[in-house]
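Just so it is clear: chains get the letters A, B, ... in the order the sequence lines come, proteins before strands, and each one is counted from 1.
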There are 2 protein chains.
Amino acid sequence: MKSITVLGSTGSIGTRTLEVAEQLGDRIRVVSLAAGSNWRLLAQQANRFRPELVALADEKQVPRLRSALADSGIEVAGGSDGVVAAASVDNADTAVVAVVGVAGLPASFAALESGKTLALANKETLVAAGELLTQVARDNRAEIVPIDSEHSAIHQCLRAGTVDEVQRLLLTASGGPFRAFSKFDLKRVTPEMALRHPTWTMGAKVTIDSATLINKALEVIEARWLFGIPADRIGVVVHPQSVVHSMVEFRDGSILAQLGLPDMRVPIQYALTYPERLPRSTRRLDLAELGGLTFEPPDTDRFPGLLLGWRAASEGGTAGAVLNAASEVAVDLFLNRRIRFTEITPIAARTLDCHTVTHPGSVDDVLEADRWARKKAMALAPGG
Amino acid sequence: MKSITVLGSTGSIGTRTLEVAEQLGDRIRVVSLAAGSNWRLLAQQANRFRPELVALADEKQVPRLRSALADSGIEVAGGSDGVVAAASVDNADTAVVAVVGVAGLPASFAALESGKTLALANKETLVAAGELLTQVARDNRAEIVPIDSEHSAIHQCLRAGTVDEVQRLLLTASGGPFRAFSKFDLKRVTPEMALRHPTWTMGAKVTIDSATLINKALEVIEARWLFGIPADRIGVVVHPQSVVHSMVEFRDGSILAQLGLPDMRVPIQYALTYPERLPRSTRRLDLAELGGLTFEPPDTDRFPGLLLGWRAASEGGTAGAVLNAASEVAVDLFLNRRIRFTEITPIAARTLDCHTVTHPGSVDDVLEADRWARKKAMALAPGG
């Protein structure tokens, strides 16, 4: 049996994590839960999973949660300290960090510092603070198991060798909805057009990032820290069917790939039960039925956002935090029709140009770089 | 450094094994070599690799080998006892068994009985004697690392989990040169037509087997014993590009695949250096350049030979030896124009029908079943 804590339990990955935990029955015990502000759903989850502790980041809603859980015997904590308490709770083997945005950083660090395996769904933790986080993991002999499908694929493929034996990591990219658009057509992409994604259902930010390929740039940075592989040995290949989730090429010429139907519950369960694999009754990928898989090189002329990944991964330090924050601001500007789709990447790039990389010594240093980049990106926007 | 012995060193896999050994330089030391009758090449190899012992199965040629290696200080042995001595030589960690046909059986058993890792390129060892061989491996705590591309792929993919966690093994098949032929056209296939194979260059027997899909039937049997997975959890998918060498589906829904350009030196090196992976300067698979991979279900109506694999793997015992021997006889009959291409499988199937499966207790029992099947298959042939 594994004991877990789920941080960000009311979001998309959080709810699916609890769904997987429920399917696994008595193989998984939920020790604590934390959410942002959705106290109603958190109370429902608490009543169902009976954790020892629940935490709500939004302090204003804490009294409501408290009264909903009165007489339950479940401890209620509030604010970011409460979330950190849930992340570092005793008796949990694994902390699932599914909090969205840089708000996930303190929870990720707290989980590692308390020696837990970090099952990481929060992109920002590795993108913005990967250098620092992996150092903390080493210091605490704690493992990080990624939950997104690409890095989970690489984690699985790497079991067929060692990191020292890696020639190249190969991230697959769906190519986004505008894969076939000309540069001219890309200029005229509207938020409405961008918010329809072919394979996965995701939030607006991730959806736009997958259209600019900035999502893949961020994944290059994540892979760089997570697996300790230099940026120039991380490749990206466009694979529109999203069936091969990513690959590892070893130095003997052998390539390992992980495949499956797009279903986040597979990497979630993998992270929860690692190093074991437990049965899942799920629809299976049938390659003969599917017929074919296609691959093409990414076009960094039309999608220059991808290049920012290698740049930030090579620069290291605060570069990831700056790219992450600046691209978030740029996506917001696009969604609010203040800039064109094709201006998202230049704003992120110019913010990086203006930044002097430093090596953060703490989460606060990372958050400081994040704040700086948001201000700078706003200032770089038209009329900013 | 690893010390190896190469049995069948003058054949196609044997020579490539020595090529790989040479490329690996002082990481590999060749302790002994054995061949069938090609004493000239064996003497050349001995002079190059300076093993302690060389053995030639064909006793008539031994005097020539001896005089060629006079004053070399290399011990020369002859006959099948000599080959077994080379297989069980002291100081070798790994025995590469690349002998062709059932003649490879004694060498494989001798290698395992002397506690060596068996790097196995000889199909017949597992097909004909898999049940017995894997028992001997367990008894001697010796490992078997397969050298053919499909089983090497599965061996690599299995490192991402355990055998108990396997849902299904998925062998890929090129589909052979007549993949698109109608039943009518298959009846008119000549030996000349069959002896051209698209991707691999192989011997006549293997080439015809890959055209009837009996090669894949034999691989199902090999996989059944090598990995201890029941026949009904071994699948076959046709993949004409031969880039995905095989796959493992785990019970959590995750599929691991091993990919690469068709190059036997990759699985050879993997087996020589396992569990390490050493660098190889080889042409790399570029999926974006390749563009696409296709998959289709095998057509067992047109290629019923494939079904014999599941049948023999389920029956166990001597069934594999009988299928192997009967199909060899049937292929010979076809190559000598005594039967049609479409009669190869029925002869093998009818030989299996006539056989009462027993569980062999020794290599001799296996060889006895082999002899019985050859006689029976000949008798079942037209005019037999």
Side-chain angles (χ1 to χ4, degrees), chain A residues 152-153 155-162 164-168 170 172 235-239 243-245 247 249-261 263 265-267 269-270 273 275-298, chain B residues 152-153 155-162 164-168 170 172 235-239 243-245 247 249-261 263 265-267 269-270 273 275-298:
Chain A
S152 176
H155 192 274
Q156 294 179 53
C157 293
L158 271 175
R159 292 169 70 174
T162 67
D164 292 340
E165 293 166 354
V166 169
Q167 181 76 29
R168 211 159 57 108
L170 203 53
T172 51
V236 171
V237 63
V238 173
H239 166 52
V243 157
V244 177
H245 295 319
M247 295 175 259
E249 179 181 326
F250 289 100
R251 60 187 182 177
D252 61 357
S254 186
I255 296 176
L256 273 283
Q258 190 263 343
L259 293 76
L261 293 172
D263 181 350
R265 289 167 299 189
V266 175
Q269 178 173 309
Y270 177 79
T273 66
E276 259 192 292
R277 291 180 185 272
L278 296 180
R280 262 196 76 70
S281 53
T282 175
R283 206 161 70 82
R284 304 281 159 169
L285 172 63
D286 183 336
L287 282 170
E289 190 188 272
L290 186 71
L293 304 175
T294 63
F295 301 91
E296 56 191 74
Chain B
S152 177
H155 192 274
Q156 294 179 53
C157 293
L158 271 175
R159 292 168 70 173
T162 67
D164 292 340
E165 293 166 355
V166 169
Q167 181 76 29
R168 212 159 56 108
L170 203 52
T172 52
V236 171
V237 64
V238 173
H239 166 51
V243 157
V244 176
H245 296 318
M247 296 174 258
E249 180 181 326
F250 289 100
R251 60 186 183 178
D252 61 357
S254 186
I255 295 176
L256 272 284
Q258 190 265 342
L259 293 76
L261 292 173
D263 181 350
R265 289 167 298 189
V266 175
Q269 177 172 311
Y270 177 80
T273 65
E276 259 191 291
R277 290 181 187 272
L278 295 180
R280 263 196 76 69
S281 54
T282 176
R283 207 161 69 81
R284 303 280 160 169
L285 172 64
D286 183 335
L287 282 170
E289 191 188 270
L290 185 72
L293 303 174
T294 63
F295 301 91
E296 57 191 74

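Each of B:A257, B:G260, B:C157 has some count of heavy-atom pairs under 4.5 Å with chain A, and the biggest count is that of B:A257. In terms of heavy-atom pairs under 4.5 angstrom with chain A, the leader among B:R265, B:Q167, B:Q269 is B:Q167. In terms of heavy-atom pairs under 4.5 angstrom with chain B, the leader among A:P275, A:S281, A:P279, A:A153 is A:P279. Between chain A and the residues B:G161, B:P267, B:G235, B:A288, the most heavy-atom pairs under 4.5 angstrom are made by B:A288. Put simply, of A:L256, A:D286, A:T294, the one with the most heavy-atom pairs under 4.5 Å next to chain B is A:L256. Note: B:G291 leads B:G292, B:G253, B:G291, B:P297 in heavy-atom pairs under 4.5 Å with chain A.
Looking at A:P298, there are no atoms closer than 4.5 Å to chain B (heavy atoms on both sides), in backbone or side chain.
Among residues two or more places apart in sequence or in another chain, the side-chain hydrogen bond (donor to acceptor under 3.5 Å, both in side chains) test is passed with B:S254 by A:Q156, A:Q258.
Taking CG of B:L293 as the reference point, atom CZ of A:F295 lies at 5.0 Å (rounded to 0.5 Å). Taken from CG in A:L278 to CD in B:E165, the straight-line distance is 7.5 Å, to the nearest 0.5 Å. Rounded to the nearest 0.5 angstrom, A:T273 OG1 and B:D252 CG are separated by 6.5 Å.
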- [ ] Take A:E296 and B:L287 through the test side chain to side chain contact (heavy atoms under 4.5 Å, CB included) and record every step on the way to the result.
- [x] CA-CA 7 Å; A:E296 56 191 74; B:L287 282 170; over 6 Å; no
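Of the residues listed (A:R277, A:R280, A:R284), the one engaging B:E249 in a salt bridge (Lys or Arg N to Asp or Glu O under 4.0 Å) is A:R284, and it is the only one.
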